[in-house]
There are 2 protein chains.
Amino acid sequence: MADPEPNFGLLLFIPYRHLEESVLAAARGAGYEMSISQARVFQRIDAEGSRLSELAEAAQVPKQTVGSIVDQLELAGYVRRVPDPDDARARLVAVADRGRAAIESAAPVLAEVVETWREHLGDADFADLRRILARLVEITDLDRSKVR
Amino acid sequence: MADPEPNFGLLLFIPYRHLEESVLAAARGAGYEMSISQARVFQRIDAEGSRLSELAEAAQVPKQTVGSIVDQLELAGYVRRVPDPDDARARLVAVADRGRAAIESAAPVLAEVVETWREHLGDADFADLRRILARLVEITDLDRSKVR
DNA sequence: GAAGATAGTCCGAATTTCGGACGTCTGCAA
DNA sequence: TTGCAGACGTCCGAAATTCGGACTATCTTC
């Protein structure tokens with residue numbers, strides 16, 4: 001850490017945290033309680049379902065930890081564990097109905113925050129930001145298979 | 001959370017995490033052990049020292065938690081608590097020698113990672129990214145007084 | 001079909017987080 | 001000046017989180 005002036009780390013983290021907090025607050029306001037750790041795992045779940053170990057690797061957290069978090073998410077009804085058709089050892093963590101409802105409840109706030117960003121930055125910079133970040137993720141994502 | 005395709009949250013978080021992990025690994029390799037929570041507080045400490053409550057607000061974490069983390073950082077010799085000349089109730093958390101040494105030990109890796117980014121993105125996009133993020137922080141930083 | 005790797009889980013201990021309640025000190029108001 | 005609301009940080013203790021070790025089931029390979 002450290003890099004006096006414009007600390008690149010914080011430059012990325014501050015907006016992230018802002019967005020995360022807004023979205024989480026919206027979900028909570030709508031009755032969908034969820035902790036930060038839960039949210040960080042939840043947001044990585046693929047539309048077709050993700051394996052526990054994929055989530056663990058992507059989030060850089062041990063399998064046991066993700067397992068425990070998924071337990072909580074499952075208990076709360078946000079996700080479901082379904083057998084993986086390709087591998088009997090594995091199970092896919094999939095977003096359940098209540099999880100989708102939670103996402104939908106927060107969607108307007110998410111859109112609103114992002115819209116605020118677009119207004120503040122202007123269309124050009126906003127589009128650039130998105131594009132450049134997408135390129136940056138190409139080389140910083142540990143679990144590239146998912147993003148590409 | 002959620003926003004199918006290019007999830008803005010992850011777009012910001014993935015590179016952040018990558019940088020954080022690289023820097024932390026470098027520090028550890030040089031003998032400066034530090035947990036993620038510790039690092040997240042540590043990186044917010046101002047050059048002139050920061051108050052506990054400032055750190056707490058900036059990092060969006062209760063004072064007690066930051067207090068406990070600062071205890072650890074202090075015990076490890078990374079920071080020092082000094083009286084705040086302006087307010088006898090407060091104390092300033094300042095980076096200590098060993099903390100500066102830790103920063104220096106990781107600096108080359110930090111520079112290297114950022115340089116990798118610059119090479120991958122190209123000078124123009126790299127500069128744009130930095131500039132745009134700096135503008136974004138203007139409206140997403142909860143503790144604006146610090147950054148501006 | 002035996003050996004080795006991989007998916008996920010169970011167990012339990014260490015660590016971390018943080019609400020509540022306090023003691024101290026400041027700064028404003030009367 | 002004195003009084004007092006409010007801000008600064010700390011102590012205490014309970015709850016939650018994290019995650020190493022060890023294990024079973026299953027897949028892969030030779």
Side-chain angles (χ1 to χ4, degrees), chain A residues 17 20-21 24-25 28 33-46 48-76 78-94 142-143 145-146, chain B residues 17 20-21 24-25 28 33-46 48-76 78-94 142-143 145-146:
Chain A
R17 196 73 170 72
E20 177 179 69
E21 202 46 56
L24 233 40
R28 287 196 189 112
E33 199 56 44
M34 191 181 291
S35 76
I36 298 239
S37 334
Q38 288 168 17
R40 288 195 179 156
V41 166
F42 186 66
Q43 82 181 324
R44 303 264 191 174
I45 298 172
D46 195 86
E48 303 90 49
S50 301
R51 291 192 186 176
L52 201 55
S53 34
E54 286 175 344
L55 295 174
E57 199 199 330
Q60 305 217 61
V61 159
K63 281 189 301 179
Q64 295 99 312
T65 304
V66 175
S68 155
I69 292 172
V70 169
D71 285 347
Q72 300 163 20
L73 287 170
E74 190 169 31
L75 193 62
Y78 296 128
V79 307
R80 245 173 330 135
R81 283 191 238 234
V82 301
D84 182 338
D86 299 337
D87 190 334
R89 289 170 304 179
R91 306 163 73 183
L92 292 176
V93 178
L142 299 169
D143 183 29
S145 58
K146 271 293 140 192
Chain B
R17 197 72 171 74
E20 176 178 69
E21 201 48 56
L24 233 41
R28 288 194 188 114
E33 198 57 44
M34 191 182 289
S35 77
I36 300 239
S37 333
Q38 288 168 16
R40 289 198 179 155
V41 167
F42 186 67
Q43 81 180 324
R44 303 265 191 173
I45 298 173
D46 195 83
E48 304 92 48
S50 301
R51 292 193 185 175
L52 201 56
S53 33
E54 286 174 346
L55 295 174
E57 198 199 332
Q60 306 217 59
V61 159
K63 282 189 300 180
Q64 296 99 314
T65 304
V66 175
S68 155
I69 292 172
V70 169
D71 284 346
Q72 300 162 20
L73 288 170
E74 191 168 32
L75 192 64
Y78 295 128
V79 308
R80 246 173 332 133
R81 282 190 238 233
V82 302
D84 183 337
D86 299 335
D87 190 332
R89 289 169 303 179
R91 304 163 74 184
L92 292 176
V93 178
L142 300 170
D143 183 31
S145 58
K146 272 290 140 191

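Residue numbers begin at 1 in each chain, while the letters A, B, ... track the order of the sequences. These values consider heavy atoms only, across backbone and side chains, with no hydrogens, waters or symmetry-generated copies.
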Atom-pair distance (CD on Gln72(A); P on dC19(D)), nearest Å:
13 Å

Within the pair Ser53(B) and dG9(D), is there a side-chain N or O less than 4.0 Å away from OP1 or OP2?
yes

Distance-only, no hydrogens or angles: does the Glu74(A) side chain make a donor-acceptor pair with backbone N or O of Arg81(A) under 3.5 Å?
yes

Would you say a side-chain N or O of Thr65(A) is under 4.0 Å from OP1 or OP2 of dC19(D)?
yes

Return the value, rounded to whole Å, for the distance between atom CD of Gln60(A) and atom C1' of dC19(D).
15 Å

Distance, nearest 0.5 Å, that separates CD of Gln38(A) from CD of Glu33(A)
8.5 Å

Nearest-Å distance, CD1 (Ile69(A)) to P (dC19(D))?
9 Å

Taking only the side-chain heavy atoms of Arg91(B) (C-beta and beyond), determine which of dG9(D), dT17(D), dT10(D) contains the nearest atom.
dT10(D)

The contact string for nucleotides 24-30 of chain D, one letter per nucleotide 5' to 3', using protein heavy atoms under 4.0 Å with B, S and - for base, sugar-phosphate only and none, comes out as -BBS---

Please state how far atom CD in Gln38(A) lies from atom P in dA16(D), giving the value in whole angstrom units.
11 Å

Nearest whole angstrom, please: distance from the C1' of dC8(D) to the CD of Glu54(B).
11 Å

Between CD on residue Glu54(A) and CD1 on residue Ile45(A), distance to nearest 0.5 Å:
11.0 Å

Segment of DNA chain C, first to last nucleotide, that comes within the 4.0 Å heavy-atom reach of chain A:
dA5(C) to dC10(C)

Atom-pair distance (CZ on Arg51(B); P on dT10(D)), nearest Å:
13 Å

Distance col, row Glu21(B):CD vs Ile36(B):CD1, nearest 0.5 angstrom, shows 5.0 Å

Between Asp71(B) and Pro62(A), just flag the one whose closest nucleotide in DNA chain D comes earlier from the 5' side.
Asp71(B)

Taking CD from Gln64(B) and P from dA16(D), how many angstroms apart are they, rounded to a whole number?
16 Å

Heavy-atom distance under 4.5 Å between the side chains of Ser53(B) and Val66(B), does that happen here?
no

Please report the shortest heavy-atom distance between Leu92(A) and Pro85(A), naming the atom on each side.
CD1-CD, 4.3 Å

For a quick test of reading the model, state the closest non-hydrogen atom pair linking Asp46(A) to Ser50(A) and the distance between them.
N-OG, 2.8 Å

Whole-Å distance separating the CG atom of Leu92(B) from the C1' atom of dG9(D)
13 Å

Rounding to 0.5 Å, atoms CG (Leu55(B)) and CD (Gln43(B)) come to a distance of 11.0 Å

Do Met34(B) and Leu73(B) have side chains that approach each other closer than 4.5 Å (heavy atoms only, starting at C-beta)?
yes

What nucleic acid atoms does Ser37(A) come within less than 4.0 Å of, heavy atoms only: base, sugar-phosphate, or nothing?
sugar-phosphate

